[in-house]
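Have a look at the structure below before the remarks.
Numbering of ligands and ligand atoms starts at 1, following listing order. What you are looking at is a predicted structure, and each value in this text was computed from that prediction instead of being measured. Along the sequence shown, the residues carry numbers beginning at 1. Reckoned from all heavy atoms, side chains included, excluding hydrogens, waters and symmetry mates.
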Amino acid sequence: MSSQHFLSLNDLDANTIRNLVDRAIELKAMLNQGVEHTPLKHKTLAMIFSKSSTRTRVSFEVGMRQLGGGAINLTPNDTQIGRGEPIEDTARVISSMADGVMIRTDAHSKVELFAEYSKVPVINGLTDDVHPCQLLADLMTWQELRGDFKGGRVAWIGDGNNVCHSWMNAARLLDFKLIIATPPEFAPAPEFITLNQNAIELNHDPRAAAEHADVVVTDTWASMGQESEKAQREAAFKDYCVDDEVMGLAKADALFMHCLPAYREMEVTTSVIEGAQSVVFQEAENRLHAQKALLEYLL
Ligand code: CP
Ligand code: NVA
């Protein structure tokens, strides 16, 4: 039997995503009440990080421990992956020992190839294309604070990047509207626009996008791997900072979200990220609870 993978939100249907969000909220309450819940005793998650991480690494490792299992961290440089062992071989070896594999890498085709050769579930911990685990935590945060997201309105302001692509998939799957304001040359990738066209609106005006939004989201202007484009990107994005004026156009009780790490006075001002509408640290904590629900479901 082939395993179920989580390479993109599109690997799950809307009901399953809703159930995972509900379960994550339940697991968070259980943890806070001190209820021990260890369904993954003796199970191991192998984590392969080809890019840096704070939240993803800590949340998966702590999550596995809380569920009764463990996690091992593999960096390409300390393993044969960095010396060019084929992904097909690595996947067969690791999946013959571990019970699940989490991968953070650049090209999305690498996680797809790994999954094709893996006997156990593969979880995407971020690729250049998408960041689906982030969306589970973001949807959970939205639901905890404002209830159902169906029919809601989200403004994405900034780069049409991996996190934006996952928000686009979420908007289609879960029936909310995503208004995307990017500089013209940094729009989301065409395949994500085509797939999600009924759920999104594209424009280049951050103020228009923010109007009447329930949630305003942004992310860094230069993602991992784009460090050499930093100066050029800062110039292109200078009018796309989420500041108090932009937040003032959204609904009065709008939430501000950011997957972190954030760059203050670039994509967001200090006053917004530290302000009363910002829920960025709740989002970060919810990575733990949302991924525990995912691990429980997949493993
Ligand atoms: N948001 C997020 O994925 O953070 P890390 O890069 O720290 O894992
Ligand atoms: N878009 C960012 C997200 C980091 C969590 C990146 O890919 O670097």
Please determine, by modelled atom types, if [X] and [Y] share a side-chain donor-acceptor pair under 3.5 angstrom.
| X | Y | answer |
| --- | --- | --- |
| E267 | H258 | yes |
| N162 | D128 | no |
| D243 | T269 | no |

Handout entry: Nitrogen or oxygen atoms of M224 and ligand 1 under 3.5 Å apart
Key =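 No; every N/O pair is 3.5 Å or more apart.
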Problem - Check: T54 N/O within less than 3.5 Å of ligand 1 N/O - result: yes
Problem - Those atoms of ligand 2 less than 4.0 Å from some heavy atom in L260 - result: 5 (C)
What is the closest protein heavy atom to [atom], and at what distance does it sit?
| atom | value |
| --- | --- |
| atom 7 (O) of ligand 2 | N162 ND2, 2.8 Å |
| atom 2 (C) of ligand 1 | R287 NH1, 3.3 Å |
| atom 4 (O) of ligand 1 | R55 NE, 2.8 Å |
| atom 4 (C) of ligand 2 | L126 CD1, 3.9 Å |

Short N or O distance, [X] and ligand 2, threshold 3.5 Å exclusive:
| X | result |
| --- | --- |
| H131 | no |
| M224 | yes |
| D219 | yes |
| S223 | yes |

Exercise for the section: Determine whether any heavy atom of D128 lies closer than 4.0 Å to an atom of ligand 2. Expected result: no
Problem - ligand 1 contact by R104, heavy-atom criterion under 4.0 angstrom - result: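 So R104 counts as touching ligand 1.
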Exercise for the section: Run the contact test for H131 against ligand 1 with a 4.0 Å cut-off on heavy atoms, strictly below, and give the result. Expected result: yes
Exercise for the section: Inspect the surroundings of CD in E36 and state if more than 12 heavy atoms from other residues, nucleotides or ligands are less than 6.0 Å away. Expected result: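 Result for CD/E36: open.
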Fill in the blank from the handout: For L260, the atoms of ligand 1 under 4.0 Å from one of its heavy atoms are 1 (N), 2 (C), 4 (O)
Fill in the blank from the handout: C259 heavy atoms within 4.0 Å reach ligand 1 at atoms 1 (N)
Exercise for the section: Please state which part of R57 comes within less than 4.0 Å of ligand 1, counting heavy atoms only: side chain, backbone, both or neither. Expected result: neither
Exercise for the section: List the steps and the verdict of side chain to side chain donor-acceptor pair (under 3.5 Å) for T75 and D78. Expected result: CA-CA 6 Å; T75 52; D78 304 332; 2.7 Å; yes
Exercise for the section: Would you mind telling me which of R104, H108, K110 makes a side-chain hydrogen bond (donor to acceptor under 3.5 Å, both in side chains) with D106? Expected result: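 Output: one option passes, namely K110.
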Exercise for the section: Classify the ring geometry between F149 and F176 as parallel (under 30°), tilted (30 to 60°) or perpendicular (over 60°). Expected result: perpendicular
Practice task
Classify the ring geometry between W167 and W142 as parallel (under 30°), tilted (30 to 60°) or perpendicular (over 60°).
Solution key: tilted
Fill in the blank from the handout: One should read off an interatomic distance between F256 CZ and E274 CD, to the nearest 0.5 angstrom, of 10.5 Å
Exercise for the section: Hey, could you give me the OG1/CD distance between T16 and Q4, rounded to the nearest 0.5 Å? Expected result: 7.5 Å
Exercise for the section: Answer yes or no: is there a donor N or O on one side and an acceptor on the other, between the side chain of E283 and the main chain of F281, under 3.5 Å? Expected result: no
